[in-house]
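This is a predicted model, so every value here is computed, not measured. When reading the values below, keep in mind they use all heavy atoms of this one structure, side chains included, and skip hydrogens, waters and symmetry mates.
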Amino acid sequence: MKKISLLGATGSIGIQTLDIIRNQSNDFELVACSAGRNIDELYKIILEFKPKLVSVAGKEEAEKLTSLGIPSQIKVLYGEEGLIEVAVHEDSTILVNAVVGSVGLVPTMKAIQNGKTIALANKETLVTAGHIVMAEAEKYGVSILPVDSEHSAIYQCLNGENPNEIHKLIITASGGSFRDKTRDQLKDVTIEDALNHPNWSMGAKITIDSATMMNKGLEVIEAHWLFNMPYEKIDVVLHRESVIHSMIEFDDGSVMAQLGTPDMRVPIAYALNYPSRKPITNHKPLDLIKFGTLHFEEMDFNRFKCLDYAYQAGKVGGSLPTVLNAANEEAVAAFLQNKISFLQIENLIENALEKHNVISKPSLEEIRNIDEQTRQFVSSLIK
């Protein structure tokens, strides 16, 4: 039985991970999890899965959870210390990192140093510190299994193949909520409009990132690190149906693609069961006859400026992707709080990128400082 630590248990990926654990209870056990501020949902998780350790956002949330009368043997922690303790729990063999944002970086590093297999759904870990994370994974002999549908697709297509024979990676993008709108039409879009994704059911932050195409930009940077691939060999294509999750073109002209219905439980289950495959309860099989036609379009970098910013930041490298990510997190949070318009998200990111003096090989401490400084800078622009 594989024993699992889960960061972000009450988020979209976390809930779907718990569904896999629930339906493969002979294969998996949840031993530790974190849940931020959603105490009511965490309470239900505790009653069902009985983890040995849980972590929440802060002291107030910890006291609220304890007051609900959870079993006394369950240890309750909070803050970054709690996230780290969940990540490195002595009984766990796999860490599923499903938290949103750069908060997942340090716990992942600690888990790697403790020899845990990493099932990574948190893009920001590799975006902000890919050079450090991948070096540590190699040093400790740790596998990083991607949970993002696109990277899982590439990982699956690489099975039995020689990575040195890759001509290019082709990452597909649905286009998000506003794929058919012009830039003029984006001026007055609402939060509700942005959260209405045509294909996927995801959390608020990643759905906004999908609408700006920053989500795809972060995935490009993540793919660069996961597959040791130069940016010139990573393409993005618009694919409305989200049936092909990504492709690899090899040197001989062959193209390998991974297909499936838009169901995040598939890449989650693949990472948890790897190298095996197990049936997924209530999974809707792919019906290509129903789709009939699949569409592909060239990506417009002038229309989706955030994708362009991500490519630029990735190619420059160093500390610039940290700035990209921190500025985006702050800008998206402000949009979700109705403090800025949709198009102001990319303006704030551009301002932060232009202001930054790049450090070529930042340390973990420098990355954390730059992350904080960038957030403060963006916040000052919003105010």
Verify, without hydrogens or angle tests, whether R179 (side chain) and S174 (backbone) share a donor-acceptor contact under 3.5 angstrom.
yes
N-O pairing of E48 and R22 below 4.0 Å:
yes
Is the backbone of L272 close enough, under 3.5 Å, to the side chain of K2 for a donor and an acceptor to pair up by distance?
yes
Could you tell me whether a side-chain N or O of T172 sits under 3.5 Å from a main-chain N or O of H245, the two making a donor and an acceptor?
yes
If we ignore hydrogens and angles and just use 3.5 Å, is the side chain of S246 paired with the main-chain N or O of I154 as donor and acceptor?
no
Closest heavy-atom pair, M134 versus W225, reported as atoms and distance to 0.1 Å, is CE-O, 3.6 Å
What distance separates N23 CG from F28 CZ, expressed to the nearest 0.5 Å?
11.0 Å
If you count the non-hydrogen atoms of other residues, nucleotides and ligands that lie under 6.0 Å from CD in E60, is the total more than 12?
no
Please say yes or no: joined through hydrophobic side-chain contacts below 4.5 Å, possibly via intermediate residues, are V266 and L145 part of one cluster?
no
Examine distances only and state if a side-chain atom of S254 and a backbone atom of F250 form a donor-acceptor pair shorter than 3.5 Å.
no
Taking the side chain as every heavy atom from C-beta outward, state whether K116 and S92 have any pair of such atoms under 4.5 Å apart.
yes
Quick one: do the E85 and S55 side chains pair a donor with an acceptor below 3.5 Å?
no
Would you call the rings of F227 and H151 parallel, tilted or perpendicular if under 30° counts as parallel and over 60° as perpendicular?
parallel
Please determine whether side-chain contact (heavy atoms from CB on, under 4.5 Å) holds for the pair V106 and K110, giving the CA-CA distance in whole Å, both sets of side-chain angles, and the decisive distance to 0.1 Å.
CA-CA 6 Å; V106 173; K110 297 292 185 183; 4.3 Å; yes
Let me see the working for Y311 and I234 under side-chain contact (heavy atoms from CB on, under 4.5 Å), right down to the final yes or no.
CA-CA 10 Å; Y311 265 102; I234 305 174; 4.2 Å; yes
Strictly below 4.0 Å, N to O, side chains only: are D371 and R375 in salt-bridge contact?
yes
Is it the case that S67 and E63 place a side-chain donor and acceptor less than 3.5 Å from each other?
no
Any donor and acceptor pair, going by atom type alone, linking the side chain of N122 with main-chain N or O of V99 inside 3.5 Å?
yes
So for atom NZ, which belongs to K233, do other residues, nucleotides or ligands contribute more than 12 heavy atoms lying within a distance under 6.0 Å?
yes
Enumerate the ring pair (Phe, Tyr, Trp, His ring centres under 6.0 Å) contacts for residues 330-375, please, sequence neighbours excluded, ordered by first and then second residue.
F178-F342, F335-F342
Can you confirm whether more than 12 heavy atoms, excluding those of K339, are under 6.0 Å from its NZ atom?
no
From Y78 atom OH to L83 atom CG, the distance as rounded to the nearest 0.5 Å:
13.0 Å
Shortest non-hydrogen separation from S177 to T207 and the atoms involved:
OG-CG2, 4.5 Å
For I221 and L324 the tightest heavy-atom approach is CD1-CD2, 3.8 Å
Do M109 and L105 have side chains that get closer than 4.5 Å, going by heavy atoms?
yes
Heavy-atom side-chain contact between T212 and E346 under 4.5 Å
no
Please check if I144 and L218 belong to a single hydrophobic cluster, counting links between Ile, Leu, Val, Met, Phe, Trp and Tyr side chain heavy atoms closer than 4.5 Å.
yes
Which value, rounded to the nearest 0.5 Å, describes the distance between I166 atom CD1 and M229 atom CE?
3.5 Å
So CD1 of I84 and NE2 of H89: to nearest 0.5 Å the spacing works out to 15.0 Å
Quick one: ring-ring contact (aromatic ring centres under 6.0 Å, His included) partners of Y43, sequence neighbours excluded?
none
Would a 4.5 Å heavy-atom cut-off, applied to side chains only, mark F291 and L286 as touching?
yes
Verify the distance criterion only: is there a donor paired with an acceptor across the side chains of T190 and D193 at less than 3.5 Å?
yes
One should read off an interatomic distance between I280 CD1 and D19 CG, to the nearest 0.5 angstrom, of 9.0 Å
Any side-chain heavy atom of T261 sitting closer than 4.5 Å to one from H283?
yes
Backbone of H295 reached by a side-chain donor or acceptor of E241 within 3.5 Å:
yes
Which atom pairs, donor and acceptor, lie under 3.5 Å between side-chain atoms of residues 347-355 and protein residues at least two apart or in another chain?
unit_1: E350; atom_1: OE1; unit_2: Y309; atom_2: OH; d: 3.4
unit_1: N351; atom_1: ND2; unit_2: N347; atom_2: O; d: 3.3

Just by distance, with hydrogens left out, do Q376 and S380 show a side-chain donor and acceptor under 3.5 Å apart?
no
Between R368 and E80, does any side-chain N to carboxylate O distance fall below 4.0 Å?
yes
Looking at every heavy atom in both M1 and S25, which two are closest together, and how far apart are they?
CE-O, 3.2 Å
Given side chains that start at C-beta, do those of P107 and N97 come closer than 4.5 Å, heavy atoms only?
no
Would you mind checking if D91 and K3 are paired as a salt bridge, meaning a charged N to carboxylate O distance below 4.0 Å?
no
Considering non-hydrogen atoms only, spot the tightest contact between C157 and A257 and give its length.
SG-C, 3.6 Å
Salt bridge flag under 4.0 Å for residues R240 and D180:
yes
Worked verdict on E41 versus K44 for side-chain contact (heavy atoms from CB on, under 4.5 Å):
CA-CA 5 Å; E41 191 64 33; K44 295 175 189 174; 4.0 Å; yes
Hey, does the side chain of S5 reach the backbone of V86 with a donor-acceptor pair shorter than 3.5 angstrom?
yes
Does one hydrophobic cluster hold both I39 and L53, with members joined at side-chain heavy-atom distances below 4.5 Å?
no
Hydrophobic clustering (ILVMFWY, side-chain heavy atoms < 4.5 Å, transitive) - are I20 and I15 grouped together?
no
Any link between V147 and V103 through a network of hydrophobic side chains (Ile, Leu, Val, Met, Phe, Trp, Tyr) touching at under 4.5 Å?
no
Regarding D27 and N273, do their side chains bring together a donor and an acceptor under 3.5 Å, going by distance alone?
no
For the pair K123 and D148, find out whether any cationic side-chain nitrogen is under 4.0 Å from an anionic carboxylate oxygen.
yes
Between A129 and I367, what is the shortest heavy-atom contact and its length?
CB-CD1, 3.6 Å
May I ask you to decide if the ring planes of Y231 and H224 are parallel, tilted or perpendicular, using 30° and 60° as cut-offs?
parallel
Begin from the C-alpha positions of L42 and C33 and carry the test side-chain contact (heavy atoms from CB on, under 4.5 Å) through to its verdict.
CA-CA 9 Å; L42 177 58; C33 66; 3.8 Å; yes
Do K216 and E219 meet the salt-bridge criterion of a basic N to acidic O distance under 4.0 Å?
yes
Is there side-chain contact between K75 and K52, with heavy atoms separated by less than 4.5 Å?
no
Between the CG atom in L7 and the CG atom in L95, the distance rounded to the nearest 0.5 Å is 5.0 Å
Expected output: side-chain S210 to main-chain I206 donor-acceptor under 3.5 Å
no
Close side-chain approach of T93 to T117, heavy-atom, < 4.5 Å:
no
Give the intermediate values and the outcome of side chain to side chain donor-acceptor pair (under 3.5 Å) for residues N325 and E329.
CA-CA 6 Å; N325 180 71; E329 285 188 26; 2.9 Å; yes
